Structure formats: structure tokens, C-alpha cells
Participant: 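Sending over a structure as C-alpha cells; questions will come in a sec.
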Amino acid sequence: MESMKYPYEKFEEEVKEAIKEVLRVAYDIEEEIKLEKPKGIADLAFPCFPLSKILKRNPVEIAEEIARKIRKGEWIEKVEAVKGYVNFFIDIRKLTRETIRLIEEMGDDYGKQSKKKVKVIVEHTSANPNGPLHVGRARNPIIGDTIARLLKFGGYDVVTQYYVDDMGKQVAILFWGVKNLKIDVKHDKDDHKYVVYYQEAAKLMEENEKVRKEIEEIIKECERGNKKILAELKGIYTRVLNGILQSLEMLNIRIDEFVEESKFVLDGSVERVIQELQKLPYAGKEGKAIYLDLEEFGIHGRDKKFYITRSDGTSLYATRDVAYHIWKGERADKMINVLGEDHKLEAKFVEIALKLLNKKTPEVIFYSFVSLPEGRMSTRKGRVVYLDDLIEEAIERAKREVIKRRGELPNIDYIARSVGTGAIRYNIIKVRPEKPIVFKWEEALNFEGQSAPFIQYAHARCCSILRKVRYEGCEQPEYEHESEIALIKMLATFPEIVKESIKARNPSAIAEYVYELASAFNAFYRDCRVIGSEKEKERLALVNATRQVICNCLTILGIEALEEM
RNA sequence: GGGCGCGUGGCCUAGCCUGGAUAGGGCGCUGGCCUUCUAAGCCAGUAGUCGCGGGUUCGAAUCCCGUCGCGCCCGCCA
């Protein structure tokens, strides 16, 4: 698969070369060729308007002239000039043969890019282990996991990391609560059980000076690297963390590595960061607290001071984050972090600090919060939808739908789970991360239209046909019906979509594409009878190829490709 | 006050990086399609000053400036 090229890519190169050649010979112009893909008009198009300026001639004429001078090629089947554009049409018979052949040869690998030998660490979720995940933050694991899957598909070596904040106020409050309170909670998951201790302790801390002091003392001890306390703390937060991980598991999300924040205090790297940073000319002191003045880096106003230590010499979250990123950067070629938009300023601080220390900086994907129609989610105000409740509801509803349509299938629970959780993942990932989402049950649990079940359904239809008639290969497939042609073109562009969506770090492009592919398949299904038709063999090839590409997309999206539903 | 992000039919959304040929979809609503491969489907209809104003350009949803609305942030918290 090294340096291999997919058919559409080859076509595009041929077109570019052909245009370049004509421009050079006929007009003595060396220009970067920018092509368009006007759906439904041509496979590729070259607008001649910029040339018209250089040549001081009518673009319509130029297009016609260029069109005349370009001959058919290996991939170019036809060239036409229309309204100032040179339109190129691909040799559909060749495209068909190559695409079907490639999909069959490559299978689950179709669409992948060549191995990059680049290691990427994707950090996502990293939620404080003080309670269950709520829907407001559920974008994080879904975006992170999908990015990781996408990059893996694109030929990168990917490792996912969860940065466990075991030294923060949140975990300290939880710890205090569990040690000092006795609350009877009935819940089968520890994250839901323990969050009650956290909530109660947080309330007491606000009302009671003594409690506040005790919790602060816990934090101080952690920051001084008290191993005994840290170990005790770990015993408690691990149970909450495991609850969080169970929720993620339901969504098909598994994280490779867990990195504890305390590690960087214990191994002295935070101290080294502080030493290095305070040597910088931007360093200053306010009392005994050390800060960096970031005015010069475009950060103005009150927030220009980036504190790296407190007055008592202990480190701050962002400082420890710098140490973590230095460590991470030594273990990867690229770092990608998925963070809530509330972390923008902190991330900027970390980035500047890393640059000043001459270290690698991470790319960050920020997402907006999911809010409720009543406003931002808040555990304290009880205005919250837990991810577990959403998952449970989705699965239940999916199960009712399966029973309604299909009766009691033997693997109904598996199907219901795949449909329900798939719907959740798809609904989150189809929207670009920076767009705010207002959570509505009827939207989150939508099983129709642009949704995971729609796509899974198209896949199941393919499988159903292939179950009835075995596909045993097709030597020279050829298609005529416009629905067949549209479908084969969709299949052929998949590798391009993968490439672009990686480049733009935009997994929602895959979600968009696979929906369109499923849609194109539905049109084909409507128009072209497969089983029993004269073209049965060829159409089976198309069905099989569609099945494969939908499956590959769903793998990237972390959604189950169901054979039956 | 400052910084960042978002603003596309009643609702949701793609396209914006890299400007081009009628702004794609979905939900909803109206009507139609199951004696042939799964109707979680399909078809037809409905609905749009791409927040607003200016600029750049042969051409702007897309780039630039301004403006309004919403969100997030601006702690020796995380």
C-alpha cells in the first residue's frame, strides 16, 4: 500500500497535467491548477476566469480553446467547454473496474492512506474523576475517539491518553467526602454512587470553614508529593474513573493510556519546568508567586499574567500541564488534544510556555458545550442529563423499534445497543465541534433521516441481499443506470474524503459522506433490482462494494455495522 | 472592557481553510408508494434577505473591515 494512488487521484493528476501542458504550450503560463468538483455537472472542472484576466480574452473562448487542445487520456474520457469552464469526465468503465477491484482486494483497508511512520498521541476526555459523565461533556470522548480512529485509518500510529487529574480540588473534595461522610446511595455504578459524596462535601466546604481547611490541606499534601495521601486518593477516584470508563465502553470507546498528573510532581519535572520558566525574561514575581508576563504574546488585560507557582512555591494546574506536554512530546511526533472551549486560555498559556522552552506544542480541537434548552448543564443545580441515562434511553428505544419492525430477533439486545449508541455517536459527530449544541431528547434519539440507524439500515440491506445470493466475483463490471453510476462514483471518492477529513481534522466530513453514500445506495436499491436481474452478478459486486465502504466509514465513526436490524 | 468561537428556510445542519456554474441535506408539515432484494426506506410538494452594513474581486455564504446578537474565558481554581 506504500505510495499507492486511488483512481480518482490518478484522474485528477492526469487532468492537472493535461491543463498544465496546454497552458505552457499555448500561452506560456505556469500556474497552480485549481480544480473544482461540481456535483452533477462534471467530474472535474477548470474555471478559466482567472486566465481571462491574464490573457485579456473572453473566458468562454479560452475554455473552448483549452477543451479542444486536450485529448482523451488514460482516465479522461471527455472534455467539454461550458460557460467559461473546462469540464472533464472520467472514463467510467475504467473507474468502475478499478474501484471494484480495489475495494475487493483491500477490503477493510480500502480508503486507508499509506503508513506515515508518525506517532500521534490523542488526549481526550480527561474528565475529573469525581462523578459520572454528563451529556454536556460527552462530545469530548466521541470527538477524541473518532479523531483517533480517523488518524489510524489515515496511516498514523495513534495512542489515546486520558490525563487523570488526581491533584485537583475536585478529587480532593471527593476524597474528603468519602472519608468523612456516611451516605446511603443505591446505584449500581460507582461514579453515580460517589458523586453524591462529592456534592455533599462541596456543599459543606462552602458552609464550613473547617471543612474547607481540611480539603485545602489535602490539596497541599498532594502538591508536596505526599505519596501516602495520593495512593489513598487513587483508591477512591479509581472507582469513579472505572464508572466513567464503563460508560465510554458502551460507546465503543477504549483509552490506551492513563497518565496521572501527580506523576510530574513526583518525578521532579514540574520543578524543572518552574526553574526553566523563571529564568525567562518574561518571568516576574508578585510576593513569592512566580508568573510570566505574556503581554508580548498578544495576551492583554488582566489575564496576561500566567502564574506558574503560588506564594508557597507549589505548582498550578497549567504548570503541571506544561510538564505533561513536555513528557508527551518526547513520546510522540504529534499531539492532539480535545478540550472544552473553557480551556482556551489555559491552552494558550501552555502553548506559549512550551514554545518558550523550545518544546513541541499540541494541536487542540476545542468543542462547545452541549447545553439544555433551560441553559448550561449544572450538576449542582440538578440541571443535567447523564450520559448513562442517555445511553440507557437510546438502547431502550432502539429495542422497542426493533420489536415493532422485526419482532423478537435472537440477537435483539446486540442490535438495540448498536443502534442506540450508534445514534448517539452519530448525532454528536455529524456536527462540527465548534458549533454549540442544545440537547433535545427527540433529536439525540432520532433514528430516521440523517442518523446512524439510516446508515446501518443501508448496510443491513446490502448484507441481506448478499445473504440471499452469494457473490463470487465479477470480472468486468459495467454499469449504465444513473443510480449505479452515481453509486460507483461515491465509492471511488471515499479515499479523497478520508484524506481531506484528516487534513482538516474534521471527522464530521466522514459522517456526512457515509450518509450520502447510504442515500445513493437507497436510490440504487429503488431503481435497480439485484436478485434475479440480468445484471445480477454485476449488481452484487456493487452491493458488496457499498457494504464494504459503509462498513469502513462506520469503523472510523466507531459505530457497529449491523448485518441485520 | 478585552480575547476566542458561533450566527445558513419554523427547528437542526453541510459548504467557509483553498472565492466560481441553480446554497446541499435532515427534522417538521401536506400528499403519494409495501403480492418482488428489510417502509429505520422511497417519491412529490412546502419553506432561504447565508445576522446586518460596507469593502476587495469578472465573481462573495466563503476573504477583509465594521456592527449587532448568543456562548465561553479573563482566579496564586482545575
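Just so it is clear: chains get the letters A, B, ... in the order the sequence lines come, proteins before strands, and each one is counted from 1. The structure presented is a predicted model; accordingly, all values stated were derived computationally and were not measured.
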Participant: Checking side chain to side chain contact (heavy atoms under 4.5 Å, CB included) against A:Ile352, which of A:Tyr282, A:Phe297, A:Phe306 comes through?
Facilitator: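 Checked A:Tyr282, A:Phe297, A:Phe306 against A:Ile352; only one passes side chain to side chain contact (heavy atoms under 4.5 Å, CB included): A:Phe297.
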
Participant: Measure from the side-chain heavy atoms of A:Tyr525 and tell me the nearest of B:A39, B:C6, B:G25.
Facilitator: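 The listed nucleotide nearest to A:Tyr525's side chain is B:A39.
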
Participant: Could you name each residue pair satisfying salt bridge (charged side-chain N to carboxylate O under 4.0 Å, His left out) that touches residues 166-177 of chain A, not counting sequence neighbours?
Facilitator: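 Non-adjacent pairs meeting salt bridge (charged side-chain N to carboxylate O under 4.0 Å, His left out): zero.
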
Participant: Nearest-Å distance, NZ (A:Lys344) to C1' (B:C73)?
Facilitator: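 Spelled out: NZ on A:Lys344 to C1' on B:C73 is 9 Å.
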
Participant: List every contact pair, protein side and nucleotides 14-17 of chain B side both N or O, where the distance is under 3.5 Å.
Facilitator:
{"unit_1": "B:A14", "atom_1": "OP1", "unit_2": "A:Arg432", "atom_2": "N", "d": "3.2"}
{"unit_1": "B:A14", "atom_1": "OP2", "unit_2": "A:Lys435", "atom_2": "NZ", "d": "3.0"}
{"unit_1": "B:G15", "atom_1": "OP1", "unit_2": "A:Arg432", "atom_2": "NH1", "d": "2.9"}
{"unit_1": "B:G15", "atom_1": "OP1", "unit_2": "A:Asn506", "atom_2": "ND2", "d": "3.4"}
{"unit_1": "B:G15", "atom_1": "OP2", "unit_2": "A:Arg432", "atom_2": "NH1", "d": "3.3"}

Participant: Pick the closest RNA chain B nucleotide for A:Phe369 and for A:Glu286 by heavy atoms, then say which residue is nearer the 5' end.
Facilitator: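 Mapping each residue to its closest nucleotide by heavy atoms, the 5'-most match is A:Phe369.
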
Participant: Using a cut-off of less than 4.0 Å, is there contact between a side-chain N or O of A:Arg461 and OP1 or OP2 of B:C37?
Facilitator: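 The answer is no; no side-chain N or O of A:Arg461 sits under 4.0 Å from OP1 or OP2.
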
Participant: Considering the options A:Asp321, A:Ile274, A:Ile290, which one meets the side chain to side chain contact (heavy atoms under 4.5 Å, CB included) requirement together with A:Ser315?
Facilitator: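 Considering A:Asp321, A:Ile274, A:Ile290, a side chain to side chain contact (heavy atoms under 4.5 Å, CB included) with A:Ser315 is found only for A:Ile274.
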
Participant: B:C76 base to A:Ser311 side chain: any donor-acceptor pair below 3.5 Å?
Facilitator: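 Side chain to base: pair present.
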
Participant: Is A:Arg529 near enough to B:U36 that one of its side-chain N or O atoms lies under 4.0 angstrom from OP1 or OP2?
Facilitator: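 Checking B:U36 against A:Arg529, no side-chain N or O comes under 4.0 Å of OP1 or OP2.
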
Participant: Under a plain distance cut-off of 3.5 Å, with no hydrogens placed, do A:Glu260 and A:Tyr163 share a side-chain donor-acceptor pair?
Facilitator: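 Side chains of A:Tyr163 and A:Glu260: no pair found under 3.5 Å.
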
Participant: Nearest of B:C76, B:C37, B:C6 to any side-chain atom of A:Lys468?
Facilitator: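 Taking heavy atoms from C-beta onward, the closest nucleotide is B:C37.
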
Participant: For the pair made of CD in A:Glu12 and C1' in B:U18, what is the distance, rounded to whole Å?
Facilitator: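 For the pair A:Glu12 CD and B:U18 C1', the rounded distance is 12 Å.
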
Participant: Which comes earlier along RNA chain B counting from the 5' end, the contact point of A:Arg376 or that of A:Ile219, where each point is its nearest nucleotide?
Facilitator: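 Here A:Arg376 is the residue nearer the 5' end.
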
Participant: Give a yes/no answer on whether the side chain of A:Arg539 brings an N or O atom under 4.0 Å of OP1 or OP2 in B:C37.
Facilitator: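 Result: no.
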
Participant: Mind checking whether A:Tyr324 and A:Phe264 have ring centres under 6.0 Å apart?
Facilitator: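 Yes.
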
Participant: Do A:Asn87 side-chain and B:A21 base share a donor-acceptor contact under 3.5 Å?
Facilitator: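 Answer is yes: a donor-acceptor pair is held.
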
Participant: May I ask you to check whether A:Phe454 and A:Tyr515 place their ring centers less than 6.0 Å from one another?
Facilitator: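 Yes, they do, as the ring centres are separated by less than 6.0 Å.
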
Participant: Could you write out each protein N or O paired with an N or O of nucleotides 28-32 of chain B at a distance under 3.5 Å?
Facilitator:
none

Participant: Hey, is B:C34 sitting syn or anti, using the within-90° cutoff around 0?
Facilitator: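 For B:C34, whose glycosidic angle is within 90° of 0, the conformation is syn.
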
Participant: With a 3.5 angstrom cut-off on both distances, give the Watson-Crick or G-U wobble partner of B:C72, or none if there isn't one.
Facilitator: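 Its partner is B:G3 (Watson-Crick or G-U wobble, both distances under 3.5 Å).
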
Participant: For B:C42, take OP1 and OP2 only and decide whether either is under 4.0 Å from a side-chain N or O of A:Asn522.
Facilitator: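 Checking B:C42 against A:Asn522, a side-chain N or O does come within under 4.0 Å of OP1 or OP2.
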
Participant: What I want to check is whether the side chains of A:Glu65 and A:Tyr27 have a donor and an acceptor closer together than 3.5 Å.
Facilitator: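 Yes, A:Tyr27 and A:Glu65 have a side-chain donor paired with an acceptor closer than 3.5 Å.
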
